[in-house]
Amino acid sequence: MRLLVLGDGGFLGYHVVAEALQMGHEVSTFNREGGAPLDGVEALQGDRQDDLTALRGRSWDGVLDTFSDPDAVGETARLLSGSVGAYGYVSGISIYHPDGPSVVDEDASLRRPEDDTGDDPLQERSIAKIRCEEATQMYFSGPVVTTRVGIMVGPRDPTDRFSWWPVRLARALAEGGEVLAPGDPQRPVQFSDARDVAAWMVGMLAAGTPGTYNAVGPGRDDLVAEVLDACRLAAGEVDGGEPEPVGVTWAAEEFLREQLHEVQEEERPLWFPEDQIPFQKVDSSKALAAGLTFRPAYETARDTLSWVRSRPGGPELAAGFSADTERELLRRWRARRG
Ligand SMILES: NC(=O)c1ccc[n+]([C@@H]2O[C@H](COP(=O)([O-])OP(=O)(O)OC[C@H]3O[C@@H](n4cnc5c(N)ncnc54)[C@H](OP(=O)(O)O)[C@@H]3O)[C@@H](O)[C@H]2O)c1
């Protein structure tokens, strides 16, 4: 397949390029820098907002689009209609209506622009994503594969929401001390290794079968305590030592919310205060039946830790706490419990 990836320099886009190359596809990319993320890629330069010249008169078998501006997505879909086989659009699960069912599948109701959502930061972004989904259906004449993703993690994740855990547990293995963990250890968590979503989307575009899919991992009930333990074992493997047990203190969600009310969601290590999750679970069985698979958390943790340590920007994390903050939170939690 000849695949056009709009963007690519980000997180998911990069993995789409890497997975497509690995599968033997030909890849072109399009971004403002005009740089290729990997060798063997045709790099096209332009701007989604006002310069699509490099895409004119060209043809591909598939295109992958992660953009969130409905006008720009509509314009690209219109331009590529007839010259590209299948359009892959990356949307997100935040488009589902917060008052919908507790388990959302692809038929669950969506947010509406007229909803009064107060200062919900997801409302505006989600309405834009819905408009983008509509634009691809309206302007692209061929098959459209729409993938609604959730929290994506793994190497190149700019948020470090997951990366915090293998890094923190590696430090605990090396230095000892207690690790602060959020809420109920038996709570299932949903997250996807972006490489798994990327590989599956490339396969779906190659097949050219239209459809809308939730693609939220891990496709099994991973409990947060199990994920943290997978991170501990992975850290042990990366650092070559025996992964000794680590002391983990689980502090109540309510306590953490109260203590960290000024910390943005993006800066908190992988957990979601209950009042921010409008639904209990995302049902991705349709995508799983269409071949989506997720690697074990252990593998994601191992690769993420190695990537954090070798990344160009350095190992400093965008999410998590300083050692002092964590110690103080542990002290307050113990005092609270008496
Ligand atoms: N990460 C998550 O947990 C999560 C959760 C839910 C949904 N999502 C969705 O998943 C997708 C993530 O994709 P990603 O990480 O690859 O995206 P990204 O980081 O947002 O992609 C940025 C890419 O787009 C290019 N770009 C930006 N503005 C452009 C313009 N005007 N013209 C041309 N190219 C432009 C950038 O290159 P230049 O700067 O060089 O132009 C870069 O290559 C998004 O749709 C996001 O909404 C993510």
Side-chain angles (χ1 to χ4, degrees), residues 3-20 27-38 41 43-55 63-73 75-76 79-80 87-96 104 111 121-122 124-133 135-136 145-163 189-198 200-202 213-218 264-272 276-277 282 284 300 304 318-319:
L3 175 67
L4 168 65
V5 181
L6 300 169
D8 80 35
F11 171 34
L12 183 62
Y14 173 89
H15 287 304
V16 168
V17 173
E19 296 291 338
V27 182
S28 307
T29 57
F30 176 89
N31 55 49
R32 290 169 299 186
E33 288 291 310
L38 288 162
V41 169
L44 303 172
Q45 187 171 16
D47 193 319
R48 296 295 300 274
Q49 312 287 0
D50 58 20
D51 181 14
L52 300 177
T53 315
L55 304 181
V63 58
L64 198 283
D65 189 357
T66 61
F67 221 50
S68 303
D69 173 344
D71 291 337
V73 169
E75 198 51 38
T76 317
L79 174 73
L80 298 176
Y87 205 104
Y89 182 68
V90 179
S91 185
I93 53 154
S94 67
I95 68 171
Y96 291 115
V104 292
R111 288 175 186 260
L122 292 176
E124 202 179 323
R125 272 189 272 165
S126 305
I127 295 297
K129 280 287 191 196
I130 293 170
R131 295 283 170 266
C132 290
E133 287 193 13
T136 57
V145 184
T146 303
T147 306
R148 295 174 179 162
V149 300
I151 297 296
M152 289 186 295
V153 306
R156 299 183 69 92
D157 173 9
T159 72
D160 287 332
R161 280 176 294 197
F162 176 87
S163 312
V189 281
Q190 286 196 289
F191 59 92
S192 321
D193 189 310
R195 297 169 296 178
D196 296 325
V197 176
W200 178 77
M201 288 193 305
V202 172
Y213 300 88
N214 290 336
V216 182
Q264 297 303 310
E265 188 210 318
E266 288 77 9
E267 291 163 22
R268 297 176 200 154
L270 185 66
W271 94 79
F272 310 100
Q276 285 191 14
I277 322 174
V282 177
S284 299
T300 301
T304 303

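These numbers come from the heavy atoms of this one structure, side chains and all, not from hydrogens, waters or symmetry mates. In listed order, ligands and their atoms are each counted from 1.
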Is [X] reaching over with its side chain to a backbone N or O of [Y], donor-acceptor style, under 3.5 angstrom?
X: Q190; Y: V282; answer: yes
X: R111; Y: S94; answer: yes
X: H15; Y: D196; answer: no
X: N214; Y: V216; answer: no
X: S192; Y: G217; answer: yes

Tell me whether ligand 1 is touched by [X] - counting only heavy atoms on the residue side and a distance under 4.0 Å.
X: Y14; value: no
X: H15; value: no
X: G150; value: yes
X: K129; value: yes

Item to check | Passing candidate, side-chain contact (heavy atoms from CB on, under 4.5 Å) with Y87, options V145, L4, T76, T146 | outcome: T76

Item to check | Closest approach of any protein heavy atom to atom 35 (C) of ligand 1, naming residue and atom | outcome: R32 NE, 3.9 Å

Next on the checklist: How far is atom 33 (C) of ligand 1 from the closest protein heavy atom, and which atom is that?
Outcome noted: R48 CG, 3.4 Å

Checklist entry - Are there protein heavy-atom neighbours of atom 20 (O) of ligand 1 below 4.0 Å? => result no

